[in-house]
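Below: one structure, written as C-alpha coordinates.
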Amino acid sequence: MMDHSDLVELVSDDLTQSVSKMLVEMGSEDGQRFAKEALVRFAQQALSGAPRVGSMNISTFTDGERHALAQASAIVLATIQADASRPQ
(Lines give C-alpha, C1' and ligand atoms only; values in the text may rest on other atoms or scores of the structure.)
Protein backbone atom coordinates (compact mmCIF):
# COMPACT_ATOMS: atom_id res chain seq x y z
CA MET A 1 0.00 0.00 0.00
CA MET A 2 1.27 3.42 -0.99
CA ASP A 3 1.30 6.18 1.60
CA HIS A 4 -0.30 9.58 1.02
CA SER A 5 2.88 11.49 0.16
CA ASP A 6 4.04 8.79 -2.28
CA LEU A 7 0.68 8.91 -4.07
CA VAL A 8 0.79 12.72 -4.22
CA GLU A 9 4.30 12.61 -5.66
CA LEU A 10 3.44 9.94 -8.22
CA VAL A 11 0.32 11.73 -9.43
CA SER A 12 2.11 15.12 -9.42
CA ASP A 13 4.81 13.69 -11.65
CA ASP A 14 2.23 12.27 -14.07
CA LEU A 15 0.27 15.52 -14.13
CA THR A 16 3.44 17.55 -14.67
CA GLN A 17 4.33 15.38 -17.67
CA SER A 18 0.83 15.83 -19.09
CA VAL A 19 0.95 19.59 -18.58
CA SER A 20 4.40 19.83 -20.16
CA LYS A 21 3.09 17.97 -23.18
CA MET A 22 0.11 20.36 -23.40
CA LEU A 23 2.41 23.38 -23.28
CA VAL A 24 4.54 22.01 -26.12
CA GLU A 25 1.55 20.98 -28.25
CA MET A 26 -0.64 24.05 -27.66
CA GLY A 27 1.88 26.78 -27.00
CA SER A 28 2.56 28.41 -23.70
CA GLU A 29 -0.48 30.69 -23.32
CA ASP A 30 -3.20 28.32 -24.58
CA GLY A 31 -1.51 25.36 -22.94
CA GLN A 32 -1.38 27.07 -19.56
CA ARG A 33 -5.02 28.12 -19.72
CA PHE A 34 -6.17 24.65 -20.74
CA ALA A 35 -3.92 22.95 -18.17
CA LYS A 36 -5.20 25.15 -15.34
CA GLU A 37 -8.82 24.37 -16.24
CA ALA A 38 -8.05 20.65 -16.52
CA LEU A 39 -6.24 20.57 -13.16
CA VAL A 40 -9.11 22.31 -11.38
CA ARG A 41 -11.61 19.92 -12.98
CA PHE A 42 -9.38 16.96 -12.03
CA ALA A 43 -9.33 18.02 -8.37
CA GLN A 44 -13.06 18.76 -8.30
CA GLN A 45 -13.90 15.35 -9.74
CA ALA A 46 -11.57 13.59 -7.32
CA LEU A 47 -13.14 15.31 -4.32
CA SER A 48 -16.75 15.00 -5.54
CA GLY A 49 -16.68 11.20 -5.46
CA ALA A 50 -16.78 10.85 -9.25
CA PRO A 51 -16.02 7.27 -10.36
CA ARG A 52 -13.59 8.51 -13.03
CA VAL A 53 -11.08 11.35 -13.21
CA GLY A 54 -9.83 11.84 -16.72
CA SER A 55 -8.96 8.37 -17.93
CA MET A 56 -8.48 6.95 -14.41
CA ASN A 57 -11.07 4.74 -12.77
CA ILE A 58 -11.03 5.85 -9.13
CA SER A 59 -14.30 4.28 -8.05
CA THR A 60 -12.51 2.20 -5.39
CA PHE A 61 -10.31 5.03 -4.07
CA THR A 62 -10.60 5.98 -0.41
CA ASP A 63 -11.24 9.57 0.68
CA GLY A 64 -7.54 9.84 1.54
CA GLU A 65 -6.53 8.71 -1.94
CA ARG A 66 -8.97 11.15 -3.50
CA HIS A 67 -7.50 13.94 -1.38
CA ALA A 68 -4.02 12.92 -2.56
CA LEU A 69 -5.17 13.30 -6.19
CA ALA A 70 -6.59 16.73 -5.46
CA GLN A 71 -3.44 17.74 -3.58
CA ALA A 72 -1.27 16.62 -6.48
CA SER A 73 -3.41 18.67 -8.84
CA ALA A 74 -3.06 21.72 -6.58
CA ILE A 75 0.73 21.34 -6.48
CA VAL A 76 1.00 21.24 -10.27
CA LEU A 77 -1.44 24.16 -10.58
CA ALA A 78 0.65 26.22 -8.15
CA THR A 79 3.77 25.40 -10.15
CA ILE A 80 2.13 26.61 -13.36
CA GLN A 81 1.02 29.81 -11.60
CA ALA A 82 4.55 30.42 -10.29
CA ASP A 83 6.11 29.78 -13.71
CA ALA A 84 3.60 32.09 -15.41
CA SER A 85 4.26 34.95 -12.99
CA ARG A 86 8.04 34.70 -13.15
CA PRO A 87 9.64 37.30 -15.49
CA GLN A 88 10.83 35.73 -18.71
Side-chain angles (χ1 to χ4, degrees):
M1 172 111 178
M2 200 179 293
D3 78 359
H4 184 85
S5 60
D6 288 341
L7 182 56
V8 170
E9 186 176 337
L10 181 67
V11 174
S12 294
D13 289 347
D14 285 351
L15 290 174
T16 299
Q17 287 180 357
S18 295
V19 167
S20 295
K21 193 174 176 182
M22 273 184 227
L23 295 176
V24 169
E25 291 173 358
M26 303 174 92
S28 181
E29 195 172 308
D30 287 342
Q32 281 184 10
R33 186 176 61 251
F34 184 79
K36 289 175 186 178
E37 291 170 6
L39 288 165
V40 169
R41 195 167 42 251
F42 183 93
Q44 288 172 331
Q45 288 174 337
L47 293 175
S48 73
R52 296 189 74 77
V53 172
S55 61
M56 294 182 357
N57 178 354
I58 62 166
S59 60
T60 61
F61 277 34
T62 65
D63 284 345
E65 290 165 333
R66 288 175 177 276
H67 282 277
L69 294 181
Q71 185 178 355
S73 182
I75 289 167
V76 177
L77 185 59
T79 302
I80 292 172
Q81 292 287 117
D83 288 347
S85 65
R86 188 172 51 228
Q88 298 298 320

request  = Identify whether Ile75 and Val11 are in the same connected component of the hydrophobic contact network (ILVMFWY, side-chain heavy atoms under 4.5 Å).
outcome  = no

remark   = Taking every heavy atom of Ala68 against every heavy atom of Leu7, the minimum-distance pair comes out as CB-CD2, 3.7 Å

task = Count the heavy atoms belonging to other residues, nucleotides or ligands that lie under 6.0 Å from CD of Glu9, then report whether that count exceeds 12.
result = no

task = Mark yes when over 12 heavy atoms from residues, nucleotides or ligands other than Phe34 sit less than 6.0 Å from its CZ; otherwise mark no.
result = no

ask   = Taking atom CD of Glu29 as the centre, does the number of heavy atoms from other residues, nucleotides or ligands within less than 6.0 Å exceed 12?
value = no

message = Are Ile58 and Arg66 packed together at the side-chain level, in the sense that at least one heavy-atom pair is separated by less than 4.5 angstrom?
response = yes

key: Single hit among Leu39, Val53, Val40 for side-chain contact (heavy atoms from CB on, under 4.5 Å) with Ser73   = Leu39

request  = Can you see which heavy atom on Val19 is nearest to which on Ile80, and at what distance?
outcome  = CG1-CD1, 3.6 Å

task = Please report the closest heavy-atom contact between Ser48 and Gln45, naming both atoms and the distance.
result = OG-O, 3.0 Å

inquiry  = Do Leu77 and Leu10 land in one hydrophobic cluster if side-chain heavy atoms of ILVMFWY residues count as linked below 4.5 Å?
reply    = yes

query = Is any NZ, NE, NH1 or NH2 atom of the basic residue among Arg33 and Asp30 found under 4.0 Å from an Asp or Glu carboxylate oxygen of the other?
reply = yes

note = Only residue of Thr62, Val8, Leu47 satisfying side-chain contact (heavy atoms from CB on, under 4.5 Å) with His67 is Leu47

